[in-house]
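Per chain, numbering begins at 1; letters A, B, ... match sequence-line order.
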Amino acid sequence: NAGVMQNPRHLVRRRGQEARLRCSPMKGHSHVYWYRQLPEEGLKFMVYLQKENIIDESGMPKERFSAEFPKEGPSILRIQQVVRGDSAAYFCASSPSRTSTSSGEQFFGPGTRLTVL
Amino acid sequence: SQELEQSPQSLIVQEGKNLTINCTSSKTLYGLYWYKQKYGEGLIFLMMLQKGGEEKSHEKITAKLDEKKQQSSLHITASQPSHAGIYLCGAGLGTSYGKLTFGQGTILTVHP
């Protein structure tokens, strides 16, 4: 059973370009979470999605960032008009059910390291 | 201030020594997760603790949750170089189901 897949592993963009990060959850998992790890900072929650629904986007910057998890295909985190401050490692996690007090361990992918020149 | 505080921030030990990493929450814990991250890689799930007083072990790693103190500890017995990495605690805080809040991490170095 393959783990959480993310691609690309490394992405280089120039300021103003768009970045698209993809995440394929583990088989049987319908809950996807995106986190960002900035240099010298901890891991911060961005958004929580189920198929075709955004459940919690409280950690998403208000502008330029969007996420989707379509009925078919991977989840996509999209960053428009990237700036140098967007350089970070972006991690995707998935769980078989909603993470709660009793279930829903989140399993992480290897991350996409975005560098903005 | 951090909602989840880990201590120490870094730890250097000699191979074979025991060590403990602590994770303290400023809010009620709804599930506490321990992960290990190697530099430049993803997070490896270690254990999840749910109930006050719960204790789980995997190989030489033991984690406990003291719900009354809103604190968890991770203990490694007879450390090995393979234990080196960054240990992260994560938790669902308050009523935020789904979203995990993480501590800042503890960097563990094990000298052979």
| said: Using a 6.0 Å cut-off, check whether atom NZ of A:Lys51 has over 12 heavy atoms from anything other than its own residue. | reply: yes
| Exercise: identify the closest heavy-atom pair between A:Glu105 and B:Phe45 | CG-CZ, 3.4 Å
| message | Hydrophobic cluster membership, with links at side-chain heavy-atom distances under 4.5 Å among I/L/V/M/F/W/Y: are A:Ile79 and A:Leu11 in one? | response | yes
| Honestly curious: do A:Met26 and A:Ile76 fall in one hydrophobic cluster under the side-chain, below-4.5 Å linking rule? | no
| note | Heavy-atom nearest pair, A:Phe45 first then B:Leu100, reads CB-O, 3.9 Å
| task | Give, for atom CG of B:Leu88 and atom CZ of A:Phe108, the distance between the pair rounded to the nearest 0.5 Å. | result | 8.5 Å
| How long is the gap from CZ on B:Phe102 to CD on A:Glu41, to the nearest 0.5 Å? | 15.0 Å
| request: Let me know if A:Gln37 has heavy atoms under 4.5 Å from chain B in its side chain, its backbone, both or neither. | output: side chain
| query | With hydrophobic residues grouped by side-chain heavy-atom distances under 4.5 Å, do B:Leu46 and B:Leu49 end up in a single group? | reply | yes
| Hey, any chance A:Trp34 and A:Ile54 share a hydrophobic cluster, counting ILVMFWY side chains that come within less than 4.5 Å of each other, even indirectly? | yes
| query | If you take all heavy atoms of B:Lys99 and A:Tyr35, which pair is closest and at what distance? | reply | C-OH, 4.3 Å
